[in-house]
Structures are given as C-alpha cells and as structure tokens.
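What follows is a single structure, written as structure tokens, with notes after it.
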Amino acid sequence: MADNNNHLVIMAGGIGSRFWPMSTPERPKQFVDVMGCGRTLIQLTMDRFEGIIPYENVWIVTSAAYAEMVHEQLPEVPESNILKEPCRRNTAPCVAYVSWRIKSQCPRANIVVSPSDHIVLNQKEFRRVIKSSLLFVSESDAILTLGMQPTRPETGYGYIQADLSTPCVRNREIFRVDQFREKPDLPTAKKYIAQNNFFWNAGIFVWNVNTIVNAFRIYAPSLSDIFESMMSVYGTPREQAVVNERFPQCENISVDYAIMEHAEEIYCFPASFGWSDLGTWGSLLENSERNRYGNALIGNDIRTYDTQNCIVHTTDERRVIVQGLDGYIVAEKDGVLLVCKLENEQQIKNYSE
C-alpha cells in the first residue's frame, strides 16, 4: 500500500535535446519514447513508483512550456500538482519551490526527488531501495542520496565518496557521505573505480520535508526567504502569478551546490538497479537490447546487412535498411535523418543548427 505521507517529485524542466533529431528543445527527451517501448521516459519514471506513491502525491516541476505535455502524458497526476517554472533557474529553486508547496499541504511529508529522463532496468530492486530510503528519512533528520555502483570509469557523472567503515545504525545499507566529487577526467575516474567507496551521483534524493526546508533556511537563505514568503498563496488561484513574479529572482544554482555540499547529516545508499541517465546515443545503445552483431534496432521494420555496433532509431519509418556500417547512429524523426559515427556524436548539436 502507498503511504499517504510519501510524495514523489519529478523534475522535468530540462531541455534535453542531446538525442536530436528524436528530441528537440520543443520536445525534450523526457517526453519521447527513447526506448521504443511505447512509454516515454517521464512515463517510465512514473511507472517505477507505482504502489509506493499515490498519484495525488506526485508532483511534476516543469517549464510552463511543457506543462501541457506533462498533463497529456501523465493524466493520472492532478493538474494542480504540475508546478510551472516561468524560467530556468537550475535544480535548487525547483526543489525549494516544490518543498514549500508540499509542506503547505502535508507538513510531515517524506519526499523522493527524481529526474524525469533516466532509466532503471531492475524495477524490483529499485522499489526495495526507495521503500527502505523513505522509511529511513521518516525516522531521522538525514538527507539521503542514492549512489549508483559504478561499472566503468565514467567521466560523464559526478561521484559520491562514502565512508563505508561504519554503516548507519537505523539501516546498515546506508553510510555517511564524505564528499561529493565533480565529473572527473579519465585517470581520476580510474582511481575512483579502483576504490570501493565511490559511487555515481544519480541525482535521486530522499528526505523529510522539514529536513530539506530547514537545510534551505541554513544554507540557502535567499531561496528560503522567497518561498517561505509565499506560504499564504500555495494552492490558491494566486499561486502562479506570484511564482511568475518571484521565481526569476532566485539564484541560478543546483541543489548539489546549494545544499548537498554543505549539509552535515547527509548519507548515501549505495545501490545497483541498472541505472543510466541516458545522456548520449552511446548510453542508449549500451542500455538497449542488442542483437548478436551488437546492433540496437528501435523501430517497426529495420533490416541490417554487414552492420554491427550501431543504434538505429527510426520509429516513424515503415521500413529501414542499413548496410555496411560499424559504430554508427542512424536516427529519424519528423522527416529529419541523422547518420553519424558514434564517436562523433558530441558534434551532433553543431549539425542540427
């Protein structure tokens, strides 16, 4: 049974255009069926919390420009729980806004904060970790972050260094965080992997609403003042107008810099449930089902000959034939076709302009 004090926050305001032409600033990747499974990334995010969080306790923080797409793709979520940011101000203002909004309605809420555009392959283990985490924060003043067990020396993720010498008394799978580390270069990433106490920072946080609100009051008082001052308008017809006025005044800062790197009672739950942030076509290839030639074929009728280690994403086309490629991206959307070497995908943005 879902706990009525448990709330889910899905951050869905990113422009997510790294999968061009499949995703664009007008249709970011969280609203696209990237996996070719019939569900978009934000819908898959919602699906994995089923049975843990009731729909009325799900909150989506997104750009005002994407609010209609959110409602279309997640009709189960009350429209009043779709919070619209009038401008982009990074994750700290996003988290502060929704935290005070939830507090105005549920003063004892336990909250999971999740990105909208990541994937999880082991749903059962994910749910176990989330349930355990929610229980932990309901009984303590801790800020908890999930740390993903690294499988390779990845330079695209930040890392969490945990103190594994002494597990937490309340939950022996949870450990105190020593420090957060920025995205490393390859030699540094290899050093991290050689140790057993470095974990990928997945950007998934769990806390009690009073814990995070108090952390903002201590470590980010300018943000605290803004959202505290709006307590009388949350849930009223005036809310959006006041948010439109005050939100642009917020500092542009991530929750990692504003809170996580300063808080004292901060813990890490090392976990392994097949997580990826799907930041590149290469990561999509790695996390998709591949045939014996190493090809991931996402589309209705794709045929390959003398082709290997490619990702072909052509869901709009009835039949696609690819011959003689090795290590390529082939992607089509809305009449735009991309054929690019995987090793050159960082240049795709230049091609699209």
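These figures come from a predicted structure and were not determined experimentally.
- Side-chain atoms of Asn244 and Gln240 form a donor-acceptor pair, as typed in the model, at a separation below 3.5 Å.
- Using cut-offs of 30° and 60° for the angle between ring planes, the Phe227 and Phe247 rings count as perpendicular.
- Aromatic rings from Phe126 and Phe49 are positioned such that their centres are separated by under 6.0 Å.
- By the 30° and 60° cut-offs, the orientation of the rings of Tyr192 relative to Phe198 is parallel.
- Checked against a 6.0 Å centroid threshold, the rings of Tyr66 and Phe31 count as neighbours.
- Between the side chains of Ser276 and Asn287, at least one donor N or O lies within less than 3.5 Å of an accepting N or O.
- Under the side-chain hydrogen bond (donor to acceptor under 3.5 Å, both in side chains) criterion, Ser138 pairs with no residue, sequence neighbours left out.
- When side chains are defined from C-beta on, Lys29 counts as touching Leu278, because their heavy atoms get closer than 4.5 Å.
- Across every non-hydrogen atom of Ser140 and Arg170, the tightest pair is CB-NH1, 3.9 Å.
- Remark: aromatic rings of Tyr234 and Trp100 are distant, center separation not under 6.0 Å.
- Aromatic rings from Trp275 and Tyr157 are positioned such that their centres are separated by under 6.0 Å.
- Glu154 has no carboxylate O lying under 4.0 Å from a charged side-chain N of Lys183, or vice versa, which leaves the two without a salt bridge.
- With rounding to the nearest 0.5 Å, the separation of NE2 in His262 from CG in Asp256 is 10.5 Å.
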